[in-house]
Amino acid sequence: MINNGPVNLERPRKISESDLFFPVRDYLIKNGFKVNAEVKHCDLTATKDQTLIVVELKTALTVELLIQAVKRQQATDSVYIAIPMPKSGIYTRKWKDLCFLVRRLDLGLLVVSFLESGPRVDLIHHPGTLDSRQNRRLNRKKRNMIIAEINGRHQD
């Protein structure tokens, strides 16, 4: 039997909001923004020319986070939420539904992955990337199917 050194039996440390700050800060700085922490209850603010971005950092995508982010839209149109990469990944139905909701609320989404090579920030989408009219047009078939079933019923 080969001994590869001591075995780490500790559970992985839980990710905190402060763990997200530096990767998101560095990502925005690389994109030309000046970044500040904790300005008027905003987790992170970034400015570039006349552009103001607010980023709310949370360890999970929750209703409370969405409410907090939507409230930040009173100060600026560009509000992002930054969360750790979900353990289940980004190719699940639940993830796609959550992204749809975030886009529907005109929020941007950043995901932070903690890799052996260091943290990585991925931009999932910018705020305001959902075109409601186009979305309704694309879902016209679903709408027509619902109306057809309603018209075909004789009772509930």
Side-chain angles (χ1 to χ4, degrees), residues 2-139 141-142:
I2 298 173
N3 184 354
N4 291 327
V7 177
N8 185 358
L9 297 176
E10 294 179 30
R11 287 190 286 171
R13 187 174 67 81
K14 189 174 179 178
I15 295 171
S16 69
E17 285 182 30
S18 59
D19 293 328
L20 300 172
F21 175 78
F22 290 106
V24 173
R25 181 201 66 179
D26 294 346
Y27 172 82
L28 291 169
I29 289 171
K30 284 179 189 173
N31 284 284
F33 287 89
K34 180 180 179 249
V35 178
N36 295 288
E38 291 298 330
V39 178
K40 296 288 184 187
H41 304 291
C42 299
D43 291 339
L44 187 147
T45 59
T47 55
K48 179 176 165 182
D49 302 323
Q50 296 301 312
T51 303
L52 170 64
I53 291 176
V54 171
V55 181
E56 288 301 327
L57 308 169
K58 293 292 179 271
T59 58
L61 206 159
T62 63
V63 172
E64 290 79 15
L65 170 59
L66 296 175
I67 291 169
Q68 185 179 26
V70 169
K71 285 182 177 181
R72 299 295 181 253
Q73 290 172 330
Q74 295 171 343
T76 182
D77 292 330
S78 295
V79 178
Y80 290 80
I81 56 177
I83 60 171
M85 173 65 78
K87 290 178 185 168
S88 60
I90 59 172
Y91 300 106
T92 65
R93 179 83 245 155
K94 180 181 178 183
W95 175 254
K96 289 178 184 177
D97 290 344
L98 288 171
C99 286
F100 175 75
L101 177 60
V102 170
R103 278 194 314 272
R104 190 74 187 209
L105 294 172
D106 289 331
L107 299 169
L109 180 58
L110 299 168
V111 173
V112 181
S113 301
F114 293 93
L115 309 170
E116 287 183 22
S117 59
R120 184 183 79 213
V121 176
D122 291 307
L123 171 66
I124 303 301
H125 57 79
H126 290 288
T129 57
L130 179 70
D131 182 349
S132 296
R133 270 191 242 145
Q134 180 184 11
N135 188 51
R136 281 193 296 275
R137 264 194 313 271
L138 293 174
N139 290 311
K141 182 177 178 181
K142 289 180 184 178

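The shown structure was predicted, so the numbers you read here are calculated from the model rather than taken from an experiment. Values reported hereafter were calculated over all heavy atoms of this structure, with side chains retained and with hydrogens, waters and symmetry mates removed.
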Original post:
Would you say Thr45 and Phe33 make side-chain contact, with heavy atoms under 4.5 Å?
Top reply: no
Original post:
Which distance, rounded to the nearest 0.5 Å, do you find between the CE of Met85 and the CG of Asp122?
Top reply: 5.5 Å
Original post:
Measuring from Ile124:CD1 to Arg103:CZ, what's the distance to the nearest 0.5 Å?
Top reply: 10.5 Å
Subject >> Side-chain heavy atoms of Ile81 within contact of Val55, under 4.5 Å >> reply: no
**OP:** Determine the minimum heavy-atom distance between Cys42 and Arg72, stating which atoms define it.
**Re:** SG-CD, 3.6 Å
Original post:
Atom CG in Asp43, atom CD in Glu38: separation rounded to 0.5 Å?
Top reply: 5.0 Å
**OP:** Please report the shortest heavy-atom distance between Ala60 and Leu65, naming the atom on each side.
**Re:** O-CD2, 3.6 Å
Original post:
Taking Val121 as the fixed residue, which of Leu20, Asp26, Val112, Leu28 is the one that meets the side chain to side chain contact (heavy atoms under 4.5 Å, CB included) rule?
Top reply: Val112
**OP:** Flag the pair Leu107 / Gln73 as yes when at least one side-chain heavy-atom distance between them is below 4.5 Å, and no otherwise.
**Re:** yes
Subject >> Side chain to side chain, Pro119 and Phe22, heavy atoms closer than 4.5 Å >> reply: no
**OP:** Considering non-hydrogen atoms only, spot the tightest contact between Tyr80 and His126 and give its length.
**Re:** OH-ND1, 2.6 Å
Original post:
Which value, rounded to the nearest 0.5 Å, describes the distance between Phe21 atom CZ and Leu44 atom CG?
Top reply: 5.0 Å
Original post:
From Asp19 CG over to Phe114 CZ, what is the distance, rounded to the nearest 0.5 angstrom?
Top reply: 5.5 Å
Original post:
Under 4.5 Å between any side-chain heavy atoms of Lys96 and Arg93, yes or no?
Top reply: yes
**OP:** Please examine the side chains of Gln68 and Lys58, heavy atoms only from C-beta on, and report whether any two atoms are closer than 4.5 Å.
**Re:** yes
Original post:
Got Leu105 and Leu66 here, is their nearest side-chain heavy-atom distance under 4.5 Å?
Top reply: yes
**OP:** Taking all heavy atoms of Gly108 and all of Val102, pick out the closest pair and write down the distance.
**Re:** O-CG1, 4.2 Å
**OP:** Please step through side chain to side chain contact (heavy atoms under 4.5 Å, CB included) for the pair Leu123 and Tyr27, ending with a clear verdict.
**Re:** CA-CA 10 Å; Leu123 171 66; Tyr27 172 82; 3.5 Å; yes
Original post:
So do the side chains of Cys99 and Leu109 get within less than 4.5 Å of each other, counting heavy atoms only?
Top reply: yes
Original post:
Hey, what do you get for OG1 (Thr47) to CG (Asn36), rounding to the nearest 0.5 Å?
Top reply: 6.5 Å
